[in-house]
There are 2 protein chains.
Amino acid sequence: MPPANMVPPARFSAQARLRALQSDIMELILERELEAGDALPTENELCVALGVGRNTLRESLKVLQALGVIEIRHGFGMFVAPSNFEALADGLIFRGRLSLRHHGLEALQLVDVRQALESGLIGSAMDVMTAEELAAIEAAVVRMEELAASGEAFMEAASDFHSRLFAPLNNELLLNLLGVFWRVYRKIHSEIGPDGEDLVALAALHRNIFTAVAAGDKAGASEQLTRHFDGIRRRIREAVGE
Amino acid sequence: MPPANMVPPARFSAQARLRALQSDIMELILERELEAGDALPTENELCVALGVGRNTLRESLKVLQALGVIEIRHGFGMFVAPSNFEALADGLIFRGRLSLRHHGLEALQLVDVRQALESGLIGSAMDVMTAEELAAIEAAVVRMEELAASGEAFMEAASDFHSRLFAPLNNELLLNLLGVFWRVYRKIHSEIGPDGEDLVALAALHRNIFTAVAAGDKAGASEQLTRHFDGIRRRIREAVGE
DNA sequence: ACCGTATCGGATGTCCCATGTCCTCCGGAC
DNA sequence: GTCCGGAGGACATGGGACATCCGATACGGT
């Protein structure tokens, strides 16, 4: 028996304790009314405050960092982080790649969710879209067409196009989520091989989407988006079918 | 030691190294063609294989566990995990609570995303809904009405109702995502105080949704859902406005 | 022969210590 | 006033020791 060491509350599983530790840290942030950008106590101070060892604490800290709750700057300190979905992307990318070895189920489900979001929200976005934002979207289309004409891949430009479509909604959470989906798709795309797709046709598809948006044709925009996603699904199925 | 002893590749930031380590672990899983449920090498084996210390490795391992990539069982081993979004929920709950101290921005954005998903997908769900599934939905409504009549809160039943609405789509990713949103909302709800809402009215609202779904009225179902979310938004604004 | 219990081995959990690395800040030199 | 370099603080990494937990095997009672 340990000599009056401390309360060994080992009655609960280690998993629960670690989760509790993470919650404790988050509670501490909320209690002290820290805001995004504020500094947290140092590791040693947290060790004392929470009554755990530095390693155990660091494991929780790393998790919170991955969750986008805190930001750790080597040699300086830890801070409450701004919104961040990087970690979610990594997890989804892994799941998507794992699913590709089977029937691509998760990858296809991901496309479904993305389609629901984009097709469902394009109408709302069009309602509040300004002329400047519309111009930025067209600029993205033009960039895609230029790249397509020179035979270069334009993942970057396409991502930009989709982002700008929904920027008017002013919903960072949504943009983050779509950004994550995009990163996952991009990774999966590079996984299933160099595209045998027609870049020019793909650019034209995006031009169609823009045209519908510019014309205020909500149903048309939604339909064009749906067609786009059908193409993505087809590609995934082909890759898995092999 | 094996290879990487003499090159402490500190030329990249520590953050990048940790991310790389996580990627390495995931790559290792994919390379060895491990599937959900399969065991990973032990910590010591991974230390040797990846050329890092046990502490460093464990920090990455904990992150992967939080991301739902792996499952760690104390005293037994580590395994490739089935889909799991618990961690994402924790991160979002924290963000939501943090935002409530200001203007509830993130909380409201979360509702917007959820509305886009539910209102946008209800039509598709109705297309493939079977009679059994429809009956299950009605059962959930009945349970809500019973609880409302006796004055009890019915978060549980309401959550069940929404889950069953989209179960026909057979999209686990979507259900997970909605489940996460629901948990966040539930936590925030308990944060902003005991509801001053009329349970009976809320149950009636869900009954309306069911009626529209049962009648095959897609537009009506979507509209009822939108009304429901308007109520949620109003509640959040009231809580923040105080 | 069967079954519950006891022990064992392996794996993870927790912690401490030592050292390396990075960042910011401050003070001196130009 | 500006720039550069040292000092100090804080996080990063690695190793070791011990505690805890779980599954499996071996033992002894029935």
Side-chain angles (χ1 to χ4, degrees), chain A residues 1-25 28 34 37-66 69-81, chain B residues 1-25 28 34 37-66 69-81:
Chain A
M1 174 180 293
N5 198 354
M6 219 208 306
V7 227
R11 293 290 125 240
F12 300 105
S13 78
Q15 301 228 52
R17 285 172 63 187
L18 194 58
R19 274 184 80 84
L21 184 53
Q22 292 168 26
S23 294
D24 286 345
I25 298 171
L28 186 143
L34 300 179
D38 288 351
L40 272 72
T42 69
E43 289 183 350
N44 287 324
E45 286 172 332
L46 282 176
C47 290
V48 175
L50 300 175
V52 297
R54 204 169 93 93
N55 256 320
T56 306
L57 175 72
R58 274 179 62 78
E59 284 171 6
S60 287
L61 250 18
K62 288 292 180 182
V63 169
L64 291 182
Q65 180 191 30
V69 172
I70 66 174
E71 181 184 345
I72 302 179
R73 290 169 61 182
H74 187 172
F76 191 37
M78 300 179 294
F79 306 83
V80 180
Chain B
M1 287 309 281
N5 196 1
M6 91 164 277
V7 188
R11 45 177 57 282
F12 301 109
S13 77
Q15 303 222 42
R17 286 178 62 188
L18 193 58
R19 273 183 77 85
L21 184 52
Q22 292 169 26
S23 295
D24 286 346
I25 297 171
L28 185 142
L34 300 179
D38 288 351
L40 272 72
T42 68
E43 290 183 350
N44 286 324
E45 286 172 333
L46 283 176
C47 289
V48 175
L50 300 175
V52 297
R54 187 163 173 256
N55 274 328
T56 307
L57 175 72
R58 274 179 62 81
E59 283 172 7
S60 287
L61 250 19
K62 286 295 178 181
V63 170
L64 291 182
Q65 179 190 30
V69 171
I70 65 174
E71 181 185 344
I72 301 178
R73 290 168 62 181
H74 186 174
F76 192 37
M78 301 179 293
F79 306 83
V80 180

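Chain naming here is simple, since letters A, B, ... match the order of the sequence lines and numbering starts at 1 in each. All of these numbers come straight from a predicted model, not from anything done at the bench.
- Residue N44(A) contributes atom CG, which lies 12 Å from atom C1' of dC16(C) at whole-angstrom precision.
- Note on G75(B): a base of the nucleic acid sits closer than 4.0 angstrom, heavy atoms only.
- Here the straight-line distance linking atom CG of L18(A) with atom OG of S23(A) works out to 10.0 Å at 0.5 Å rounding.
- dG13(C) atom C1' lies 17 Å from atom CZ of F76(B), rounded to whole Å.
- Put simply, the side chain of M78(A) reaches to within 4.5 Å of the side chain of L46(A), judged on heavy atoms.
- If you measure from atom CD of E45(A) to atom P of dA10(D), you get 7 Å, rounded to the nearest angstrom.
- For E59(A) and dT13(D), the CD to P distance is 13 Å, given to the nearest whole Å.
- As a whole-Å value, the separation of L57(B) CG from dG14(D) P is 10 Å.
- Taking only side-chain nitrogens and oxygens, T56(A) never comes nearer than 4.0 Å to OP1 or OP2 of dG13(C).
- No option in E43(B), E59(B), E45(B) other than E43(B) meets the salt bridge (charged side-chain N to carboxylate O under 4.0 Å, His left out) test with R54(B).
- The distance between atom CD1 of I72(B) and atom P of dT12(C), rounded to the nearest whole Å, is 8 Å.
- Residue K62(A) is the one, among R54(B) and K62(A), whose nearest nucleotide of DNA chain D lies closer to the 5' end (criterion: closest heavy atom).
- Candidate nucleotides dT14(C), dT12(C), dC15(C) were compared by shortest atom distance to the side chain of E43(B), and dT12(C) ranks first.
- Here R58(B) reaches the OP1 or OP2 of dG13(C): one of its side-chain N or O atoms lies under 4.0 Å away.
- The CG atom of L34(A) lies 11.5 Å from the CD1 atom of I70(A); values are rounded to the nearest 0.5 Å.
- Taking the side chain of R73(A) as heavy atoms from C-beta on, and the options dC23(C), dC15(C), dT12(C), the nearest nucleotide is dC23(C).
- The nearest whole Å value for the distance from the NE2 atom in H74(B) to the P atom in dG10(C) is 16 Å.
- At least one side-chain heavy atom of L57(A) sits less than 4.5 Å from a side-chain heavy atom of I25(A).
- The side chain of N55(A) lies closest to dG14(D) when the candidates are dG14(D), dC23(C), dT14(C).
- Distance CG (L64(B)) to C1' (dT12(C)): 16 Å, rounded to an integer number of Å.
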